[in-house]
Amino acid sequence: MKKIINNPADFVDEMIEGILLAHPESLRSASADHRALVRTGAPFAGKVGIVTGGGSGHLPVFLGYVGEGLCTGVAVGNVFSSPSSEQILSATESAHGGAGVLYLYGNYGGDVFNFDLAADLAELADIETATVLVSDDVVSAPKERAADRRGVAGMVFAYKIAGAAAARGDSLSEVARLAEKTNQCMRSMGVGLSPTILPAAGEPTFTLGDDEMEIGIGIHGEPGVHRGSLETADRITQRLLHEILADLEPATGSRIALMVNGMGATPTEELYLMYRRARQILDEASITVHRPYIGEYATSLEMAGASITVLVLDEELTKLLDAPAYSPFFQQR
Amino acid sequence: MKKIINNPADFVDEMIEGILLAHPESLRSASADHRALVRTGAPFAGKVGIVTGGGSGHLPVFLGYVGEGLCTGVAVGNVFSSPSSEQILSATESAHGGAGVLYLYGNYGGDVFNFDLAADLAELADIETATVLVSDDVVSAPKERAADRRGVAGMVFAYKIAGAAAARGDSLSEVARLAEKTNQCMRSMGVGLSPTILPAAGEPTFTLGDDEMEIGIGIHGEPGVHRGSLETADRITQRLLHEILADLEPATGSRIALMVNGMGATPTEELYLMYRRARQILDEASITVHRPYIGEYATSLEMAGASITVLVLDEELTKLLDAPAYSPFFQQR
Amino acid sequence: MKMVELRSILERTLQSMPAHADELRKLDAALGDGDLGITVSAGSSASREAIFALPQSADASELLMAVGKAFSTANPSTFAALIGGGLLAAAKTVHGNTALDRADAIAIGDAVATRIAERGKAQLGDKTVLDALIPSLENLRGNRLGSPDSPNPSDSPAPDAAEVLDAMIATSHAQIDATTGLQSAKGRAAWVQERSVGHPDPGAVAYLRFLQELRTHWSR
Amino acid sequence: MKMVELRSILERTLQSMPAHADELRKLDAALGDGDLGITVSAGSSASREAIFALPQSADASELLMAVGKAFSTANPSTFAALIGGGLLAAAKTVHGNTALDRADAIAIGDAVATRIAERGKAQLGDKTVLDALIPSLENLRGNRLGSPDSPNPSDSPAPDAAEVLDAMIATSHAQIDATTGLQSAKGRAAWVQERSVGHPDPGAVAYLRFLQELRTHWSR
Ligand SMILES: Nc1ncnc2c1ncn2[C@@H]1O[C@H](COP(=O)(O)OP(=O)(O)O)[C@@H](O)[C@H]1O
Ligand SMILES: Nc1ncnc2c1ncn2[C@@H]1O[C@H](COP(=O)(O)OP(=O)(O)O)[C@@H](O)[C@H]1O
Ligand SMILES: [Mg+2]
Ligand SMILES: [Mg+2]
Ligand SMILES: [Mg+2]
Ligand SMILES: [Mg+2]
């Protein structure tokens, strides 16, 4: 296991310590164990709070999307593990500005159980909450069971849209509606070229031959839907985009946001090769990329691989997507 | 070789095609082969142009630092190889707004020979140029031969400072002075945990045992100064910072910019572990971090590893470092 | 069984669980994210410490509350949340008890299973821990393996605890084998779809290992 | 030698250079970035095409200009820039020549070596391509290996081109072996400092392989 770490058991806490040391103007601790973080200055009176959370190992997801025009707070779990309901509750309390709190996170069993428990506790504390689960990974369940799909890089679009809505003062139900609409309007799919290694486990979650890739991979080290032989950038891009478009069925002439996301070890150069091919395919389908997002937005530690996310935009989503946002990990002007 | 690429020979050209498709509002081609790029809207009348360049495989270096408050143009070589003098000349012509052009790049033989040749050609075209070589890698040559040292991630600070000076209208000699001062005031050092693979070569540039690291590594796949056994994040950070501070000898009470740079495959989480330890050491030495830069600023394809850069600030450098900057790959507000 | 004896058996059982971490990591890695080893080892250690921290006067309900809370928060994965939540629900069934008999054990098992099914929206055959847990409770009720509907046969003497545990282990084992060929319908394992076929459910195996360790420490 | 013959030999020599790419890549990877294989193979191919593209009337100067430009831009690494720049400097020494004799070859070699030393700020013993190139030019001058200062001995008959090439190859080989134990003083290899000791200089090996291929194609 080749990692720049100390004691694996301290990995997450030391990372958080580093982040709080680096970005005090943006983030502050909201619990004694520092596993709940909120924007410096939170809560914001009259504004809906957005709390997200999940396992560590996905930077910038999750805590990197706490910022202006983004989320208000986050609960940070161990690597690939849910935060506890107490940690989520701490983030909730510090994010609540009187207008309620949206729980916005990826659809994973552990997270769902803990967020639901936190919602029960928040209710006891008279904090209104709503929950929107992101379930954008197109191959993780068939279309009939679309709600069972897991959340991957599309979470970033949900944060962006919901965060902009909350920033302009939308109500909790309206922020939740827009987050849910974002989820309905997007799909993602990824491939993995190498496995990931949990610091505490020290072993790769799976092994891959020199010329193999995992197709339909998530971001928690779980294997993909099937294994195939390694393909060219063009073919991989076609494969991902084809599955996404077949499920999403965007109308000709659609405007979209397109994300080409690196899983961790894949060089940025390679992501631009994928973007190039994606643009060729989309141009042919008369689909316009309103805004590209190319880089590492949701990672899986040192996994090599990439995912594509397509979000179909309408007027209301475009406006929110285009709003400025700022966090130490994500800037849009 | 596990890469998301097509024909290795097309790697750089396809990458540039993707970048130009993605960021037309920021970058435009300045040569028929698209290997010279400049800011959309360049040249800027009356402003000093800054042209950088070098091999590919280092994103965001080099072309990612063409932007507002940064460089004006770039010549893009093949992976880890210099651009040609013609390509540099094309970037120079399109970056020249009448106030001359600064060549600002890392100290590498191939680049130096080609930039010098381009300067000769620019002179024939009546474009005044000045050259500042970045040579921040502390272990690549002893202090007596500091000018022989190679340029690594510290280039980013040189771009930031010189770019801000050019943006406010400083003269060529002043922009060059500030770039050179930046170079004098900073040092970098890195470790590599895994080698890198040139797409066209298909083989790792070196092999490393499971518990080994290369100490004093550059960003072109060249081995480091020596090999050691893998250490903890704390020890690696101490090792790098110790060499840097011993050579730089900052006064107690200094204010610095601190960069913890990922080489490509190393997760952001691990960089924050390093930042944490660096802050402990610096706090003890009464050195204040004015501004942290933590992330991938200068990479070496899929290499795992990290580097630290320290830039000692004074009033004039602080002002320029704090100025806003914007490119598709680097934002500071 | 008195609290003091129960605590001692539980402490030793929990202490031996981390030895199964690597097996569980591997099983979970094949279907999910490989963190079940950590969930079970960290959860067992935390639970053990929670028991130590309890006053000697603690009743069975307090014990289950402490263990449920510790197990669910140590590494709050799906399995942690479901088992931990199940134990919290079970705590209510033995309020004030300072000893547990078989009827209490049945009530606890039923409460855990019911709560997991509720929260996980899972049923028998979804290839989860429930596929081992629910059938094994029939052995606790005194029913014979494979005939969960038949009443406790009155013609055979009531089996002792060790025999019951042996039967539960055998049932769990058989159920894991029987469901290995199925496709996982819940949790992370469902996302790999057809590829889950042929791999035993890691949560069910964790339950089996717990029963086996309990059996080992019961007799001593 | 007439241009037509020279072009044909050069074309065949350049065509055979890519076969050494992997060796050069490995040698360069040990000391630098491993791109020398690409520089030499891409540079040779580009040079060959540049020769093809020349009119049959091109003189020696135009030939060297075309090759120098092609070699330096194909993969513009240090070696490419230095050799390419050297050839451009050499082109001036044979302006208008439609044939080359040994004196021309000496002038070309000297011009290349001088320009590389100038641009690279390198001298003999810095463990670069110059350590093979400069001593081998003494063989071209007719001097014996190891005694570069002694004048052309008048008592031995003037050797033919093949013999001269053999001597140059032997000298280059010996010089590479002799400098392998040194620490590289220039370029990327200097950055690895003590670790460069024990590795032959890749640029010098590239020059040796060029001489060897030239020798092979000379006789045919
Ligand atoms: N919805 C569910 N209902 C019941 N049991 C479940 C459910 N989802 C997962 N499980 C059980 O949890 C086990 C996986 O636990 P764990 O590794 O903690 O999950 P994760 O890593 O996905 O959070 C599975 O083997 C299964 O027995
Ligand atoms: N300053 C120099 N002067 C003369 N020759 C040099 C110099 N630097 C490098 N070389 C030669 O170039 C070879 C390396 O070439 P190349 O791989 O193209 O360099 P790089 O990859 O560093 O640009 C060395 O083996 C050496 O022979
Ligand atoms: Mg998990
Ligand atoms: Mg090179
Ligand atoms: Mg798991
Ligand atoms: Mg080289």
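Residue numbers begin at 1 in each chain, while the letters A, B, ... track the order of the sequences.
In this structure, no portion of A:I217 lies under 4.5 Å from any heavy atom of chain C. With a 4.5 angstrom heavy-atom cutoff, C:A189 does not touch chain A via any of its atoms. At a 4.5 Å heavy-atom cutoff, C:A80 makes no contact with chain A through either its backbone or its side chain. In this structure, no portion of A:V112 lies under 4.5 Å from any heavy atom of chain C. In this structure, chain C has no heavy atom under 4.5 Å from any part of A:P195.
Annotation: ring-ring contact (aromatic ring centres under 6.0 Å, His included) contacts involving residues 134-158 of chain A, sequence neighbours excluded, comprise A:F157-A:Y293. For the salt bridge (charged side-chain N to carboxylate O under 4.0 Å, His left out) condition, no pair includes a residue of residues 36-48 of chain C, sequence neighbours left out.
The two atoms that bring C:A29 and A:P223 nearest to each other are O-CD, 3.7 Å, heavy atoms only.
C:M3 CE: more than 12 foreign heavy atoms inside a 6.0 Å radius.
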Once you leave out hydrogens and angles, what donor-acceptor pairs under 3.5 Å do chain C and chain A share?
residue	atom	partner	partner atom	Å
C:D35	OD2	A:S81	OG	3.3
C:N75	OD1	A:S81	OG	3.0
C:N75	ND2	A:S81	OG	3.2
C:P76	O	A:N114	ND2	3.3
C:T78	OG1	A:G110	N	2.7
C:W191	NE1	A:D148	O	2.9
C:Q193	NE2	A:V139	O	2.6
C:Q193	NE2	A:S140	O	3.2
C:R195	NH1	A:E214	OE1	2.6
C:R195	NH1	A:G224	O	2.9
C:R195	NH2	A:E214	OE1	3.4
C:R195	NH2	A:E214	OE2	2.9

Item to check | side chain to side chain contact (heavy atoms under 4.5 Å, CB included) assessment of C:I38 paired with A:L198 | outcome: CA-CA 10 Å; C:I38 298 169; A:L198 277 86; 4.2 Å; yes
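Identified by a heavy-atom distance below 4.5 Å to chain A, the contributing residues of residues 81-90 of chain C are C:A81, C:L82, in residue-number order.
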